[in-house]
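Following: one structure in structure tokens, then a few remarks.
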Amino acid sequence: MSQVTMTVNGKQMSGDAEGRTLLSQFLRETLGLTGTHVGCDTSQCGACVVHVDGVAVKSCTMLAMEANGADVSTIEGQAAADGTLNALQQAFQDHHGLQCGFCTPGMIMSAADLLKTNPKPTEAEVRHHLEGNICRCTGYHNIVKAIMAASGQDVSSIAAE
């Protein structure tokens, strides 16, 4: 076991990890941050997306020790300290961009990464960026609409499906 220390959502956190411990497992089981979901353990579903040093990564493909000393952002760090949802989270709620909610943390973290680099994406750009995230409930339409709304674009002409 080795000590792993990282800044998670602005707070320095530490815990013991074996060399084979995945970042997703470390966040969930050691640090108690269960918002990062694990749907596949094979990098296929995207439910485990977090930001490491400002880059979106699937945390089931990264060892906890690789994130030692890193700045990690998870879904728990997206809302304001008082619990107020950020614009992206609010858009997911307002535009029904979720159903069961299992994929939602990864979708929001992936969308935040997109909006950081492309503040006004087209529908095609949003869909392309989400190719690594699987949702089995929504059909993606309202997720795409929510992301575009969060970017400040008028989505009133986009019909609900």
Side-chain angles (χ1 to χ4, degrees), residues 2-81 84-93 97-98 101-135 138 140 143-153:
S2 297
Q3 181 89 29
V4 176
T5 302
M6 59 187 71
T7 303
V8 182
N9 303 323
K11 294 169 50 176
Q12 190 165 27
M13 303 179 98
S14 297
D16 291 328
E18 295 180 22
R20 64 184 175 165
T21 303
L22 298 172
L23 178 57
S24 56
Q25 180 184 1
F26 184 77
L27 292 169
R28 291 179 57 79
E29 296 174 16
T30 304
L31 302 183
L33 298 171
T34 58
T36 300
H37 293 167
V38 178
C40 67
D41 273 335
T42 60
S43 186
Q44 302 298 311
C45 75
C48 68
V49 173
V50 298
H51 299 172
V52 178
D53 292 331
V55 177
V57 300
K58 293 181 178 178
S59 61
C60 75
T61 64
M62 183 175 194
L63 296 172
M65 295 182 77
E66 291 178 288
N68 191 39
D71 183 19
V72 178
S73 298
T74 69
I75 191 68
E76 288 91 347
Q78 298 306 295
T84 304
L85 301 178
N86 71 17
L88 188 54
Q89 291 170 309
Q90 189 63 53
F92 266 67
Q93 182 177 348
L98 59 123
F102 192 81
C103 72
T104 305
M107 289 287 185
I108 288 175
M109 297 305 289
S110 290
D113 180 62
L114 170 64
L115 295 177
K116 179 177 67 177
T117 59
N118 185 355
K120 299 281 185 200
T122 65
E123 181 177 347
E125 289 170 330
V126 172
R127 288 184 183 280
H128 177 74
H129 193 81
L130 294 179
E131 285 180 357
N133 295 76
I134 294 174
C135 176
T138 68
Y140 300 93
I143 292 171
V144 172
K145 188 174 182 179
I147 294 167
M148 293 181 72
S151 75
Q153 298 182 66

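All figures in this text were calculated on a predicted structure; none of them were measured in a lab.
With rounding to the nearest 0.5 Å, the separation of NZ in Lys120 from CD in Glu125 is 13.0 Å. With rounding to the nearest 0.5 angstrom, the OG1 atom of Thr36 is 12.5 Å from the CG atom of Leu22. Taken to the nearest 0.5 Å, the SG atom of Cys60 stands 11.5 Å off from the CD atom of Gln25. Separating the CD1 atom in Ile143 from the CG atom in Leu98 is a distance of 8.0 Å, to the nearest 0.5 Å. Summarising the geometry, atom CG belonging to Leu27 is positioned 9.0 Å from atom CE belonging to Met13; distances are rounded to the nearest 0.5 Å. Considering CG of Leu85 and CZ of Phe92, their distance stands at 12.0 Å, rounded to 0.5 Å.
The minimum heavy-atom distance between Val50 and Ser73, with the atom names listed, is CB-O, 3.3 Å. Across every non-hydrogen atom of Pro121 and Val126, the tightest pair is CG-CG2, 3.6 Å. Taking both residues in full, the closest heavy atoms of Ala67 and Leu23 are given as CB-CD1, 4.0 Å, listed atom of the first, atom of the second, then distance. When all heavy atoms of Ile134 and Gln44 are compared, the pair lying nearest together is CD1-O, 3.4 Å. The shortest heavy-atom contact between Gly54 and Asp113 is O-OD1, 4.2 Å. Across all their heavy atoms, Ser110 and His129 have their closest contact at O-NE2, 3.1 Å.
With sequence neighbours left out, His37 forms a ring-ring contact (aromatic ring centres under 6.0 Å, His included) with Phe102. Under the side chain to side chain contact (heavy atoms under 4.5 Å, CB included) criterion, Thr61 pairs with Ser43, Lys58, not counting sequence neighbours. Checked against side-chain hydrogen bond (donor to acceptor under 3.5 Å, both in side chains), Thr74 has the following partners two or more places apart in sequence or in another chain: Asn9, Glu76.
Using a 4.5 Å heavy-atom threshold, the side chains of Met65 and Thr21 count as separate. The side-chain heavy atoms of Val4 and Asp16, taken from C-beta on, include no pair separated by under 4.5 Å. Contact of the Ile75 side chain with the Gln89 side chain is registered, since non-hydrogen atoms from C-beta on lie closer than 4.5 Å. The shortest side-chain heavy-atom distance between Gln78 and Leu88 does not fall under the 4.5 Å cut-off. Between Leu130 and Ile147 there is a side-chain heavy-atom pair separated by less than 4.5 Å.
With Ser14 as reference, Thr5 is the one residue of Thr5, Thr30, Asn68 to meet the side-chain hydrogen bond (donor to acceptor under 3.5 Å, both in side chains) rule.
Asn86 contributes no side-chain N or O that, together with a main-chain N or O of Ala79, makes up a donor-acceptor pair within less than 3.5 Å.
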